[in-house]
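These notes concern the structure reproduced below.
Every chain is numbered from 1, with letters handed out A, B, ... down the list of sequences.
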Number of protein chains: 2
Amino acid sequence: MPVTSPTTFRTTYAEIAAKAGVSRATVSRVLNGDDRVNSDRAKAVIEAASKLGYRTNRAARALSTGRTGQIAVVIDDSPNVLSDPFWGVVLAGISRVLMVHDIHSVLMVSQLESEDSPIANYLEGGDVDGAIFLTVHKEQVVHSLVKKGLPVVVIGTPIDLKSDIVYVDTDNRLGAELATKHLLGSGCKKVATITGDISAVAGIDRLEGYKAAHKSLGHEFNPDLVAYGDWSFENAKTLTLRLLARNPDIDGIFAANDTMALGVMAAIIERGRMVPDHVAVVGFDDNLMAQTHRPGLTTIRQDIVGLGAAAAESMLAILQGETPVPKILPTELVLRESA
Amino acid sequence: MPVTSPTTFRTTYAEIAAKAGVSRATVSRVLNGDDRVNSDRAKAVIEAASKLGYRTNRAARALSTGRTGQIAVVIDDSPNVLSDPFWGVVLAGISRVLMVHDIHSVLMVSQLESEDSPIANYLEGGDVDGAIFLTVHKEQVVHSLVKKGLPVVVIGTPIDLKSDIVYVDTDNRLGAELATKHLLGSGCKKVATITGDISAVAGIDRLEGYKAAHKSLGHEFNPDLVAYGDWSFENAKTLTLRLLARNPDIDGIFAANDTMALGVMAAIIERGRMVPDHVAVVGFDDNLMAQTHRPGLTTIRQDIVGLGAAAAESMLAILQGETPVPKILPTELVLRESA
DNA sequence: AGTTGGCGTGAAACCGATTTCGTTATTTAA
DNA sequence: TTAAATAACGAAATCGGTTTCACGCCAACT
């Protein structure tokens, strides 16, 4: 039933074939770079195709080859995680790399509740050639997809490492160590940390880095200086107030992300103390806020676009039949005023 | 050529038909809600389908019907605009609405240079049923797509209004008026503004709102208090310094977005003055930074998710053959400390 | 001279869902 | 009771590429 008119008239192989005086099979061969076609004919086909403004019909190709040229980019979370610029940038990195390879990114934002939630179901359905997960809450679902043969790349280290999920991540541990060492190395005697959500590997690793820095610099690790946060501003602020009340002599705080670092600073100011004079602060991410806040936030920069790009490249590798190894991207300390 | 193994085995109409003892045609009718099928048979089909875990093959359907069930979401800009959380949220709003209608969002981030850039070309190609533009730099390209029959919705008011492009936007003019009135109404005598990029309609409208507020409250409009910005932090900061040097008695500034408002505040502080005691500041957007900055930024909140949702709904309407009218979403003043 | 082996090519089958068209079976109208 | 209309359904064509298969041809071997 013709609900709407066709948006455009497409030219088909049949027309090209007619114009170039060859068969559709030959058109296909030429247009797919099969070089065992007589070069004169090939030239004729190419010319006819360009004259007619040929555009390949992806649906037809997908039906025929079983490959869609589309990758799902899945955010296993509520839509508002996209309010964190981090994911937008990752997305851009993915999209850019895939687009170069003529692969489209299909965005799906929704909780992956169970193994037969609509999205999981859809992903198995074969309408995409693979899936890149930006955030994963139900790791079990991802495993089951992998087991079913779907090419999968996840961003962020999986909890269950023995599984053979392909992933890319930032070197959270080393980054956190860098941050903490900077604080300890610039004269701080008592450095606390506000962790991220430690049910996520990123949260754990950044805490591990904090501990490692203490160990490597000969400082004793004091559990009382660790406050367990959840990546959010408000929570970090509350925790910091509590921390400062209990340990008034804290003179440095490593917050596991920038948003929390801002919360930390807000708390410090509220207590009538100064950053960095009384308490130095280091964050993690180097997002826009770190740059625009006053005082500027000293933080750990991660290569966010690179993270997306790496994920996309791993996906491409899988699609080629390779089995890429996990990639861990380096970090870098960015000095501003807060520490 | 079997490059890789099929990700999954799909069940087809043929299998359902066999199991239910009907023809493929009948299966199609039942699964598409055609009610003139014997109800016993219909039941049998539905049961067979669910037992076999049937999942429709979108490529096959697209090839057959000419509709792909996919909408392109286009960002006509460099990938790093996605570092602005604004677009991420819009994206989420779009995606959510479309997903409910079983339509997928295909993300394309790339400059639309000319009418035959790869993306424009692709959009005409018929592999998507329509396109939603988040940012538009080459409006001409969009026009030409519309003319070619592609359903299009753009976010933000087009410059060339006489064209019949469907769009959705925030009420920038009224929002800016609200902001300026708040400053004027709470005792400020000399309120300046840093505009956005006034080659964009949002930039113009927010400036118009600023003027309208002056007029409606009986204040004279002073062109010397208008600094033409470009939405960016650094630029706003520079302009503010210049503004304050020239007019030391400025006691209020309306910045056309939050990022610039932070730049404005940074400049004010740098000049040794206080917010809001010496100079009150109001922004526009109510993004995360407005909330986390100290002092908290008084700003105009726009319904960003709603903007995306509205765009998606307009697109759905177009696909149904309707011709939706432009939607303008209301704004709201959010009071914090800066004014 | 008579195979054998490629090579270049086109005819036709195929992917899976949709839809037209025609055939039967069943009503309704005359 | 018969003709006409209607309903329910299946066979087959269709969408546009891709790929198998077989055929004709010429070069390279015994």
Working for side chain to side chain contact (heavy atoms under 4.5 Å, CB included), residues Val136(B) and Tyr167(B): CA-CA 12 Å; Val136(B) 174; Tyr167(B) 65 94; over 6 Å; no
Salt-bridge contact Asp164(A)-Lys147(A) (side-chain N to carboxylate O under 4.0 Å): no
Side-chain H-bond candidate by donor/acceptor type, Asp127(A) with Thr68(A), under 3.5 Å: no
Residue pair Thr157(A) / Asp169(A), side-chain donor-acceptor N/O under 3.5 Å: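 Their side chains do contain a donor-acceptor pair, which is all the 3.5 Å distance test asks for.
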Ser39(A) vs Ala60(A), nearer the 5' end of DNA chain C by closest nucleotide: Ser39(A)
Pairwise 5' ranking along DNA chain C for Asn38(A) and Ala14(B), keeping only the more 5' one: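 By nearest-heavy-atom nucleotide position, the 5'-most residue is Asn38(A).
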Interatomic distance where CG belongs to Leu63(B) and C1' belongs to dG16(C) [whole Å]: 9 Å
Rounded distance (Å) that lies between atom C1' of dA17(C) and atom CD of Glu15(B):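 Atom CD in Glu15(B) sits about 14 Å away from atom C1' in dA17(C).
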Distance-only donor-acceptor test, Ser64(A) side-chain atoms vs dG17(D) base atoms, 3.5 Å: yes
DNA chain D-proximal residues of residues 19-37 of chain B, any heavy atom under 4.0 Å: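 Contacting residues: Val22(B), Ser23(B), Arg24(B), Ala25(B), Thr26(B), Arg29(B), Arg36(B), Val37(B).
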Residues within residues 98-106 of chain A bordering DNA chain D, heavy-atom distance below 4.0 Å: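 Of all residues in residues 98-106 of chain A, none places a heavy atom under 4.0 Å from DNA chain D.
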Phosphate-side-chain proximity, Arg41(A) and dC7(C), N/O vs OP1/OP2 below 4.0 Å: no
Distance test, side-chain N/O of Tyr54(B) to OP1/OP2 of dG16(C), below 4.0 Å: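 No, no such contact exists.
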Among Ile94(A), Leu319(A), Val128(A), Val106(A), side chain to side chain contact (heavy atoms under 4.5 Å, CB included) partner for Ile71(A): Leu319(A)
Side chain to side chain contact (heavy atoms under 4.5 Å, CB included) evaluation trace for Phe133(A) with Val152(A): CA-CA 8 Å; Phe133(A) 287 84; Val152(A) 165; 3.8 Å; yes
Glu47(A) and Lys51(A): CA distance, side-chain angles, deciding distance, salt bridge (Lys or Arg N to Asp or Glu O under 4.0 Å) verdict: CA-CA 6 Å; Glu47(A) 193 177 330; Lys51(A) 250 186 201 142; 3.2 Å; yes
Overall bend - the helix from dA1(C)-dT30(D) to dA30(C)-dT1(D), comparing terminal axes fitted on five pairs, nearest 10 degrees: 50°
Over all atoms of both residues, closest heavy-atom pair of Leu82(B) and Gly88(B):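 Scanning both residues, the minimum pair turns out to be CD2-N, 4.3 Å.
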